[in-house]
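What you are looking at is a predicted structure, and each value in this text was computed from that prediction instead of being measured.
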Amino acid sequence: MEFSAQQIADFLKGEVVGDPTIKVSDFSKIEEGCAGTLTFLSNPKYTEYIYTTKASVVLVNADFVPEKEIGATLIKVANSYEALASLLSLVESMKPKKQGVSSLASISESAAIGENAYIGPYAVIESGAKIGKNVQIYPHVYIGENVTIGDNVILYPNVTIYHGCKIGDRCILHAGCVLGSDGFGFAPSADGHYDKIPQIGIVTIESDVEIGANTTVDRSTMGTTLIKRGAKLDNLIQIAHNVEVGEDTVMAALTGIAGSSKIGKRCMFGGQSGVVGHVNMADGTILAARAGVTKDLTEPNAAYSGYPQLKLNDFQKSYACFRQLPAMRNQLNDLKKKIDELSRLLEK
């Protein structure tokens with residue numbers, strides 16, 4: 001479908017600078033833009049490309065002032081990145097949704113399936129499961145006994161949901177995601193072996209949560225492992241048993257949270273960051289990539305880096321010193337030589 005710059009500006013409540021009639025039918029990156037596409041400028045490091053892009057329309061922040069002539073039509077909005085997200089969501093919502101139940105799906109007679117559901121080939125839905133309205137269940141999804149799934153949920157291929165788990169409305173689980181696998185619970189025995197501790201709890205995913213490909217959320221030993229409303233988990237993340245992840249918290253890939261830790265609201269985890277077990281983290285905590293948390297973090301909205309974690313400013317100062325260690329070592333060796341020489345002279 002084609003949209004004019006003016007139609008897009010009206011939708012975004014923005015201002016057109018240039019030709020309001022020019023039309024676009026696709027998106028592009030600003031450095032690879034071509035005629036008939038829309039792109040955006042948000043990160044200042046890409047500013048140079050706005051003067052050379054071949055894209056027809058560019059979303060820019062309202063305070064953007066060009067330094068020279070621009071060939072594209074601009075649409076000024078309050079926040080170009082958020083505006084792009086709104087457009088992408090609009091386009092996604094206009095795509096036709098899959099419908100119908102495949103004859104190759106295996107659905108228990110006691111499962112309850114809401115209206116307008118799509119269930120793909122080789123999906124398995126066990127007894128007692130309750131599926132909401134407008135749910136999209138792609139091929140090879142497994143839904144265990146007594147699982148509850150809300151409305152407008154999307155389960156991509158090979159998602160596995162173990163028995164008893166609960167999922168709220170408007171959640172998205174990407175391919176290979178596993179909910180409700182056993183938590184890592186083993187007790188050492190007298191003979192030196194480890195005996196398995198049964199994990200009898202569940203996983204609860206509240207509404208508007210998105211979980212990336214091959215991410216695992218373990219069932220609790222007792223009670224529930226809880227991912228609260230609006231949380232976003234990237235690919236290849238491990239959430240251990242009895243963890244609680246707060247509302248609107250975001251985690252980048254390869255993050256690991258050990259058992260019984262409680263994460264506050266609106267926290268941000270960089271890639272490969274980790275948290276030891278039984279730790280509490282305050283609302284708004286920020287972890288840089290590869291940060292490792294070893295104790296409670298009680299200060300809201302504080303940022304940390306390194307392992308064990310240091311306040312971000314302290315870590316940066318420490319790293320600045322660390323980088324100077326080779327030069328400092330040479331200086332110390334030079335000073336030692338001079339001291340040794342002075343000592344010899346004094347002895348004479």
### Message
A quick test of your reading: do over 12 heavy atoms of other residues, nucleotides or ligands sit less than 6.0 Å from NZ of K76?
### Response
yes
### Task
Might you confirm whether atom CD of E341 has over 12 heavy atoms from other residues, nucleotides or ligands at distances under 6.0 Å?
yes
Under 3.5 Å donor-acceptor pairs involving side-chain atoms of residues 111-131, not counting sequence neighbours:
unit_1, atom_1, unit_2, atom_2, d
N116, ND2, N134, OD1, 3.3
E126, OE2, Y142, OH, 3.2

### Task
Decide if atom NZ of K232 counts as having more than 12 heavy atoms of other residues, nucleotides or ligands within a radius under 6.0 Å.
yes
Would you be so kind as to tabulate the donor-acceptor pairs closer than 3.5 Å made by side chains of residues 307-314, with sequence neighbours excluded?
unit_1, atom_1, unit_2, atom_2, d
Q309, OE1, T294, N, 2.8
Q309, OE1, T294, OG1, 3.4
K311, NZ, E299, OE1, 2.8

List the atom pairs, with distances to 0.1 Å, where a side-chain N or O of residues 263-288 and a protein N or O form a donor-acceptor pair under 3.5 Å, not counting sequence neighbours.
unit_1, atom_1, unit_2, atom_2, d
Q272, OE1, R290, NE, 2.6
Q272, OE1, R290, NH2, 3.2
S273, OG, T255, OG1, 3.3
S273, OG, G270, O, 2.6
D283, OD1, K265, N, 2.9
T285, OG1, A282, O, 2.7

Could you tabulate the donor-acceptor pairs under 3.5 Å formed by side-chain atoms of residues 94-105, not counting sequence neighbours?
unit_1, atom_1, unit_2, atom_2, d
K95, NZ, E92, OE1, 3.3
S102, OG, L104, N, 3.0

### Message
Starting from Y46 and following side-chain heavy-atom contacts under 4.5 Å between hydrophobic residues (I, L, V, M, F, W, Y), which residues can be reached?
### Response
V17, I30, L41, Y49, I50, Y51, V58, V60, F64, I70, L74
### Query
With distance as the sole criterion, is a donor-acceptor pair present between the side chains of T21 and D19 under 3.5 Å?
yes
### Message
Please evaluate residues E2 and S25 with respect to the criterion side-chain hydrogen bond (donor to acceptor under 3.5 Å, both in side chains), reporting the C-alpha separation (whole Å), side-chain torsions for both, the decisive distance (0.1 Å), and the verdict.
### Response
CA-CA 5 Å; E2 283 190 335; S25 59; 4.9 Å; no
### Query
So does F184 have more than 12 non-hydrogen atoms from other groups sitting under 6.0 Å from CZ?
no
## Note on the structure
Quick note, salt bridge (charged side-chain N to carboxylate O under 4.0 Å, His left out) partners involving residues 169-196, not counting sequence neighbours, are R170-D208, D182-K196
### Partner of S343 under side-chain contact (heavy atoms from CB on, under 4.5 Å), chosen from L346, L345, I339
I339
### Query
Taking the side chain from S56 and the backbone from C34, do they hold a donor-acceptor pair closer than 3.5 Å?
no
